[in-house]
Engineer: 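Below are the structure tokens for one structure; questions will follow.
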Amino acid sequence: MRLLQVDENGEFSLTKVYVNDTPPYAILSHTWGDDEEEVTFKDLKKGSGKKKSGYKKIQFCGAQASRDGLQYFWVDTCCINKSDLTELSEAINSMYRWYKKAAKCYVYLSDVSLWEPAFRNSRWFTRGWTLQELIAPPSVEFFCSHGRRLGDKKGLEQQLVEITGIPALALRGTPLSEFPVNERMSWAESRTTHRAEDKAYSLLGIFGIYMSPRYGQERAKSVLYSR
């Protein structure tokens, strides 16, 4: 796992890859914008990307982590070298665990500037990957596009149950193995992903499955939907 480290000037840089003894970190949950506007691993290595619109949410995550006393944070757009297929495979299979182990998970709602009904209608609730990002972390905090805190998973539990159809017990950390497979599948039914294969890969942690991602194939879908 590769993290971002915040320095005393508020700047951030990529760390080494941690295998064990990962320091406490915050993690960002968000929806992707246009690919060309997201800050990538290559951008950070080259010291570029600051003019991209996606840089704003990375800055937000680093600043919020610092306010919470955390020196490290993780963002999926730029902490994974996606050109390295081995690293990408490990990241996809480890994603649920990484979110679960985060000291804080910040949900950045780029399409929410006010409270209701914008919160309920946020695109974040329709995306495949954000399902595990809501369930896995013990601490999930929601923020609007201006960086204002809207609440956390515990305080917003009733709204989250109504919006997502996920039982409160699952949101509170009850082992997912205690929920029937069909019920867990139902949580993802109305969610979509940019790539068809990610519909399955985003559920690996929900079902405790490990597989090597192979984009352009139907293998992932067939494995999950045959369970």
Side-chain angles (χ1 to χ4, degrees), residues 1-33 38-41 43-45 49-50 52-82 87-88 90-112 119 122-125 127 129-157 160 171-173 202 205-206:
M1 184 183 198
R2 184 186 293 106
L3 298 170
L4 289 164
Q5 182 174 10
V6 186
D7 64 24
E8 57 186 14
N9 297 316
E11 297 293 321
F12 49 83
S13 58
L14 289 164
T15 68
K16 65 178 183 179
V17 175
Y18 289 95
V19 178
N20 298 305
D21 301 320
T22 306
Y25 60 91
I27 200 164
L28 183 68
S29 178
H30 66 107
T31 56
W32 282 54
E38 294 293 351
V39 179
T40 66
F41 174 79
D43 288 333
L44 289 190
K45 294 294 285 187
K50 291 186 177 181
K52 293 185 174 183
S53 60
Y55 192 77
K56 177 183 176 182
K57 55 192 170 188
I58 300 176
Q59 283 184 306
F60 155 77
C61 190
Q64 187 61 44
S66 293
R67 285 191 284 271
D68 287 333
L70 296 167
Q71 189 179 359
Y72 300 92
F73 65 105
W74 188 89
V75 181
D76 59 350
T77 60
C78 57
C79 288
I80 305 170
N81 180 6
K82 297 179 179 66
E87 181 173 334
L88 178 61
E90 179 188 358
I92 289 175
N93 281 283
S94 302
M95 202 78 70
Y96 188 91
R97 177 168 51 86
W98 289 351
Y99 274 89
K100 188 176 183 66
K101 289 188 174 183
K104 294 274 189 177
C105 176
Y106 306 134
V107 177
Y108 181 80
L109 302 175
S110 59
D111 56 353
V112 176
F119 179 75
S122 175
R123 180 170 171 262
W124 187 86
F125 291 111
R127 306 304 293 166
W129 288 103
T130 58
L131 174 61
Q132 65 178 3
E133 296 165 15
L134 172 62
I135 292 174
S139 174
V140 180
E141 300 181 9
F142 294 85
F143 295 83
C144 73
S145 59
H146 303 304
R148 181 171 62 86
R149 188 178 185 276
L150 302 174
D152 59 24
K153 181 162 68 169
K154 183 178 180 180
L156 296 172
E157 182 179 271
L160 294 173
L171 297 177
R172 295 172 190 169
S202 64
I206 300 293

Engineer: Passes side-chain contact (heavy atoms from CB on, under 4.5 Å), T77 versus T40? Steps please.
Structural biologist: CA-CA 5 Å; T77 60; T40 66; over 6 Å; no
Engineer: Quick one: list whatever passes ring pair (Phe, Tyr, Trp, His ring centres under 6.0 Å) with Y108, sequence neighbours left out.
Structural biologist: F60
Engineer: Enter the distance from M1:CE to Y18:OH here, rounded to the nearest 0.5 Å.
Structural biologist: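 Here the rounded value is 10.5 Å.
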Engineer: Flag the pair V75 / V39 as yes when at least one side-chain heavy-atom distance between them is below 4.5 Å, and no otherwise.
Structural biologist: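 The answer is no; the side chains never approach within 4.5 Å.
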Engineer: Return the CZ to CG distance between F12 and L3, rounded to the nearest 0.5 Å.
Structural biologist: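 Between F12 CZ and L3 CG, I get 13.5 Å after rounding to 0.5 Å.
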Engineer: Could you check if a side-chain atom of L4 sits within less than 4.5 angstrom of a side-chain atom of C78, using non-hydrogen atoms only?
Structural biologist: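 A side-chain contact under 4.5 Å exists here.
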Engineer: How would you list, by chain and number, every residue that makes a side-chain contact (heavy atoms from CB on, under 4.5 Å) with A65, sequence neighbours excluded?
Structural biologist: A26, L70, F73, Y106
Engineer: Just jot down the side chain to side chain donor-acceptor pair (under 3.5 Å) partners of D76, sequence neighbours excluded, or say none.
Structural biologist: H30, W32
Engineer: Would one find more than 12 heavy atoms of other residues, nucleotides or ligands at under 6.0 Å from atom NZ of K45?
Structural biologist: no
Engineer: So, using ring pair (Phe, Tyr, Trp, His ring centres under 6.0 Å) as the criterion, who are the partners of Y72 when residues are at least two apart?
Structural biologist: none
Engineer: Calculate, to the nearest 0.5 Å, the distance between atoms OG and CZ belonging to S122 and R127 respectively.
Structural biologist: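 With rounding to 0.5 Å, OG (S122) is 11.0 Å from CZ (R127).
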Engineer: Just to verify, what does R123 make a salt bridge (Lys or Arg N to Asp or Glu O under 4.0 Å) with, not counting sequence neighbours?
Structural biologist: none
Engineer: Just by modelled atom types, is the N9 backbone N or O under 3.5 Å from a matching donor or acceptor in the D7 side chain?
Structural biologist: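 Looks like yes, one N/O pair under 3.5 Å.
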Engineer: List in chain and number order the residues that pass side chain to side chain donor-acceptor pair (under 3.5 Å) with Y96, two or more places apart in sequence or in another chain; answer none if no residue qualifies.
Structural biologist: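 Scan of Y96 (side chain to side chain donor-acceptor pair (under 3.5 Å), adjacent residues dropped) gives none.
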Engineer: Kindly indicate, with the supporting measurements, whether the criterion side-chain contact (heavy atoms from CB on, under 4.5 Å) is fulfilled by F125 and L160.
Structural biologist: CA-CA 9 Å; F125 291 111; L160 294 173; 3.7 Å; yes
Engineer: Scan for salt bridge (Lys or Arg N to Asp or Glu O under 4.0 Å) pairs involving residues 52-62, sequence neighbours excluded, and state none if there are none.
Structural biologist: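 As it turns out, the salt bridge (Lys or Arg N to Asp or Glu O under 4.0 Å) pairs with a partner in residues 52-62, which skip direct neighbours, are E38-K57, D43-K52.
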Engineer: How long is the straight-line distance from CZ of R2 back to CZ of F41, given to the nearest 0.5 Å?
Structural biologist: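 Spacing of CZ (F41) from CZ (R2) equals 4.0 Å.
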Engineer: Report the residues that fulfil side-chain contact (heavy atoms from CB on, under 4.5 Å) with K154, sequence neighbours left out, ordered by chain and then residue number.
Structural biologist: D152
Engineer: Quick one: list whatever passes side-chain contact (heavy atoms from CB on, under 4.5 Å) with S94, sequence neighbours left out.
Structural biologist: E90, R97, W98
Engineer: How many angstroms lie between atom CD of E133 and atom CG of L28, to the nearest 0.5 angstrom?
Structural biologist: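 Between atom CD of E133 and atom CG of L28 there are 8.5 Å.
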Engineer: Under the side chain to side chain donor-acceptor pair (under 3.5 Å) test, which residues partner W124, sequence neighbours left out?
Structural biologist: S29
Engineer: State the CD-CD distance between Q5 and E11, to the nearest 0.5 angstrom.
Structural biologist: 13.0 Å
Engineer: Among residues at least two apart in sequence or on other chains, which ones pass side chain to side chain donor-acceptor pair (under 3.5 Å) with T130?
Structural biologist: R191
Engineer: Could you give the side-chain donor-acceptor pairs of residues 140-147 under 3.5 Å, partners two or more places apart or in another chain?
Structural biologist:
from : atom 1 : to   : atom 2 : distance (Å)
E141 : OE1    : R149 : NE     : 3.4
E141 : OE2    : K104 : NZ     : 2.8
S145 : OG     : V112 : O      : 3.2

